[in-house]
Each structure stands twice: as structure tokens, then as C-alpha cells.
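For reference, positions follow the sequence shown, starting with 1. Because the structure is predicted, anything quoted here is derived from the model rather than measured.
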Amino acid sequence: MPDSIRLLEVSPALLSALQAGNERLVIRGDPSDSAVLCTPDQTFDIKEAETSNSLLILPQLHIPEKGNKESGPPAVVVRKVTNTKAVVQVLGIAHSYLEVRPCQPRLSRIREILSDDLYFGPEFELGNTRPKYSTDDLLNLVQASSAQIEAELAKIHACLIDGHWRLLETQYHQKVLQFLMDLVDSNSWPLDQVPRSRILDTLVDLVPRCVLEHLLMWYAEPTGATDDSGDVLFRLKAPEICQNYGEALLQTTKKCQLQEFMEHWQRTVPPGLIVDLAHLRGVGLQDLSSRPPTICYLPCWDLPEDVALRFKCLFQFREKWTLEDISPYLEPVVTPTQSVSALLTKHARASVHNGIKMYSSRHPIS
């Protein structure tokens, strides 16, 4: 069989989309990666499967939709015939094919490569020769669909500056957000009536406009209303703002008493916002068994994407976990066929302590 031909098994839904011209398939991965297949919005693992049947590769093939009851099911016979019959050439015989299964996109590389060139502000860009990455660069480097990459860039607060994606340095990010909150407070704007143009025009001398526009996308949303001057009004997103302040605080302290942290966090956020530990899900981990209870910085994105290694890291950090505590750290690696419960069944051992179900490692942790 020619090396240029490989057999690929796809689902009926994916086949229909391909035949309709609605999907474009791209195989992504470095030479050291296991390959994945990407559509515009999905990612699939590619595995080679062997078959005991010989699969004939034909340039053209027509199989009747229904077989004759008397003659049995449709059959394809390849042989040289004469008269009005055509000769069908067999291009090759295959004993394996590629099968695809939906999988989680491998997005951690985005944060890894962007973290090597943090954005500290325009005054620090002179002479910066570190590698920078455009959207096309990320599509070539990251094993995920374009839609999944776009969603991840928004999730990690990446900013498109001069055609390249950058992460804002933590203190600079905090300073820019504080500019926004101070401006809202000084003008006594209600949190659901923040004028977009006035924000941009007032702060553009302090912060690049592209950064401000991203900031409004991350921490505000349009209300659909306008003020008397026609300026579009935005509503501030309280959970996202509280998360930013809480994450920055926890990143500095690493670990502290839970009550002290909550009080400090509440004093830090702008007036009118109420903090909630739900805002730090997958970022801050509580330990209610300690006396007094504590909270520590444990971001889920610092854990390996490989499921077995992720479980190993989690059980090295803490011997026993409740379902509520461990779920945020497993949700990033679930697949359509592997839920959090399925992952725990495979990689953890369940036991009950004081009436609470706990999960620990199936194997000794070295």
C-alpha cells in the first residue's frame, strides 16, 4: 500500500460534517508528542488499531445500500472481467487503521511558553528579544482545536499585544485592575453602570489601549444599555475580580490561617464586593482538619496533564481527599468517556472516615 494512504475511522457525526465540508482536520504535535487530530472545535487522540481482516484500498467503490434477500448481503468481488465490465485496481492491502477518540485538549503548553515572556508594561519592552507567539504559532505548537485554544487564552487572561499573545506579570496585572477600580470608585459609578469609552479614554495614558480592552473583557460584560452620552455601559464581574485579588494574595502568602486570609481578602477587594471561597476553586485548597483551619496556594494548572502523574502529585501533597476537594483538580483532565468518578475509581481507593468518604492512593507513594 502506498505510504501516502492511511485508513482513518471516524464517527458518523464527524463523517457527515466532513462530507458536508463543515470540518477541517489537522494533525498536531511535536515529534516527541503523541499525535492528536483536531477539528475547529474538538480534539481527538489517534491510536493505531490492528485488524485480522485484510482491508482492500480501492480508488472507486460502490456498494448497494440494500442487499437482495435471495442473494444475501452486498459483496464486493475484485477480479478482471471482460465486455462491459470494468477492471478495478487494488492500490494496497491494510491490516491496521487509525481510530480517533475524543480527548481533553493539551493546553498547559500555552501557559508554559507564555510565562517565559511576561508583560511588565510598555516601558520594559525596549530591547526585549524573547520569543513571542502569534495565534498561528500557538496553533502549530499546542495540541488543541482553534476554538479550545481561543477559550484557554481568555481563561488564563492572555493579552494580544502587537500581534503576539502575552501574559501580564502579576503585579502589573494587579496595578492595571486597581486603576480600573479606583476610577470606578472616584466617579461613584454603580458596578453595573461602568461607561466603556470613559474608562478607555481616561486610562489610555497609563495603560496601552489593547490591555485595557482585554481587561474589560475579563472583568466586565456589556449590559446592553447606554448612558445619556451614548456610551456603552458595562457590568463588573464580581466573581472574577474577587478571584484575581484572592489569587494574588494567596500567591504571596502561600499558606495561612483560613480566617485571617478571608478577613484580609475582604478588606482588599473594592467596596461592594463580597468574597467567597468558591471564587478560588482549583486555586486555593482548604484544610479544615488542621487547628486552626488553613488555606494554601495550589493552582490546578501547576499539575501534570498526564492523569496518573496528576494523581501521584495530589496524593503526595495530601494523603486523603474528599470528593469536594479533589474534583477541581481532576475536572481539567476528564474526557467524554472518563468522568471524575471514573477517574477516581481507576486511580484511587475509597474509604470512609467519620462518616465522610475519602480517597487515597491505590499504591504506595514514593
Side-chain angles (χ1 to χ4, degrees), residues 110-111 114-115 117-125 150-162 164-223 231-254 256 261-284 295 297 299-301:
I110 297 179
R111 190 186 291 269
L114 296 187
S115 294
D117 184 30
L118 299 178
Y119 186 77
F120 289 78
E123 62 271 26
F124 294 94
E125 286 300 289
E150 180 181 346
E152 182 69 8
L153 288 168
K155 179 181 177 181
I156 67 175
H157 292 168
C159 188
L160 188 63
I161 302 174
D162 296 329
H164 298 98
W165 290 100
R166 309 285 295 278
L167 290 178
L168 305 184
E169 188 270 334
T170 300
Q171 292 185 4
Y172 179 72
H173 191 148
Q174 281 294 109
K175 181 174 72 172
V176 174
L177 179 57
Q178 194 62 52
F179 285 155
L180 169 64
M181 301 311 302
D182 289 345
L183 184 60
V184 171
D185 184 53
S186 64
N187 285 276
S188 300
W189 290 326
L191 299 183
D192 61 350
Q193 297 181 37
V194 177
R196 181 181 187 275
S197 293
R198 289 186 63 183
I199 290 287
L200 297 177
D201 294 342
T202 304
L203 297 180
V204 73
D205 291 334
L206 300 173
V207 182
R209 188 179 184 89
C210 60
V211 175
L212 292 172
E213 289 175 342
H214 278 280
L215 196 78
L216 286 175
M217 285 194 296
W218 302 333
Y219 297 113
E221 58 188 358
T223 63
D231 199 351
V232 176
L233 296 177
F234 273 60
R235 177 188 300 108
L236 295 183
K237 301 177 183 177
E240 284 79 357
I241 295 172
C242 288
Q243 177 184 344
N244 178 276
Y245 280 88
E247 184 179 332
L249 178 61
L250 200 55
Q251 197 172 2
T252 302
T253 58
K254 300 300 182 185
C256 58
F261 171 79
M262 294 298 294
E263 292 172 356
H264 191 179
W265 186 18
Q266 184 60 65
R267 289 195 301 268
T268 304
V269 300
L273 302 184
I274 305 298
V275 301
D276 189 316
L277 281 173
H279 299 152
L280 294 179
R281 192 171 186 271
V283 177
I295 185 171
Y297 182 62
C300 59
W301 54 82

Fill in the blank from the handout: Residues I110 and L153: closest non-hydrogen pair is CG2-CD2, 3.8 Å
Exercise for the section: To the nearest 0.5 Å, tell me how far M262 CE sits from L280 CG. Expected result: 8.0 Å
Problem - Point-to-point distance, once rounded to the nearest 0.5 Å, from CG of L167 to CD1 of I156 - result: 5.0 Å
Practice task
Measure centre to centre between the rings of Y219 and H157, then say whether the value is under 6.0 Å.
Solution key: yes
Practice task
Compare all side-chain heavy atoms of V283 with those of Y297 and state whether any distance is below 4.5 angstrom.
Solution key: yes
Exercise for the section: Applying side-chain contact (heavy atoms from CB on, under 4.5 Å), name anything that partners K155, two or more places apart in sequence or on another chain. Expected result: E152
Practice task
To the nearest 0.5 Å, tell me how far M217 CE sits from E240 CD.
Solution key: 13.5 Å
Problem - Heavy-atom neighbours of D162 CG exceed 12 at 6.0 Å - result: no
Fill in the blank from the handout: Residue pairs passing the side-chain hydrogen bond (donor to acceptor under 3.5 Å, both in side chains) test with at least one member in residues 199-214, sequence neighbours excluded, are R209-E213
Exercise for the section: Working to the nearest 0.5 Å, report the span between CG of L203 and CG of L200. Expected result: 8.0 Å
Exercise for the section: For the residue pair F120 and E125, establish whether any side-chain heavy-atom pair is separated by less than 4.5 Å. Expected result: no
Fill in the blank from the handout: Checking H279, Q178, R267 against Y245 for side chain to side chain donor-acceptor pair (under 3.5 Å), the one that qualifies is Q178
Practice task
Spell out, as yes or no, whether a donor-acceptor pair under 3.5 Å connects the side chain of Q193 to the backbone of L233.
Solution key: no
Handout entry: N187 (side chain) donor-acceptor with W189 (main chain) under 3.5 angstrom
Key = no
Practice task
First locate atom CG of L118, then atom OH of Y172, and finally report the distance between them rounded to the nearest 0.5 Å.
Solution key: 12.5 Å
Exercise for the section: Could you tell me whether the side chain of Q266 and the main chain of L273 form a donor-acceptor pair under 3.5 Å? Expected result: yes
Exercise for the section: State, to 0.1 Å, how close P190 and V194 come at their nearest heavy-atom pair, and which atoms those are. Expected result: O-CG2, 3.7 Å
Problem - E169 atom CD: more than 12 heavy-atom contacts under 6.0 Å - result: yes
Problem - Shortest non-hydrogen separation from A158 to W165 and the atoms involved - result: O-CZ3, 3.6 Å
Handout entry: pair L160-C210: side-chain heavy atoms closer than 4.5 Å
Key = no
Handout entry: Listed partners of H264 passing ring-ring contact (aromatic ring centres under 6.0 Å, His included), at least two apart
Key = none
Practice task
Answer yes or no: is there a side-chain heavy-atom contact under 4.5 Å between S197 and V232?
Solution key: no
Problem - Under 3.5 Å donor-acceptor, W265 side chain and C242 backbone - result: yes
Handout entry: side chain to side chain contact (heavy atoms under 4.5 Å, CB included) assessment of L277 paired with I295
Key = CA-CA 10 Å; L277 281 173; I295 185 171; 3.8 Å; yes
Practice task
Would you indicate whether the side-chain heavy atoms of M181 and V269 approach each other to under 4.5 Å?
Solution key: no
Fill in the blank from the handout: CG of D231 to CZ of R196, rounded to nearest 0.5 Å, is 8.5 Å
Exercise for the section: Kindly determine whether Y119 and H164 satisfy ring pair (Phe, Tyr, Trp, His ring centres under 6.0 Å), including the steps that lead there. Expected result: CA-CA 11 Å; Y119 186 77; H164 298 98; over 10 Å; no
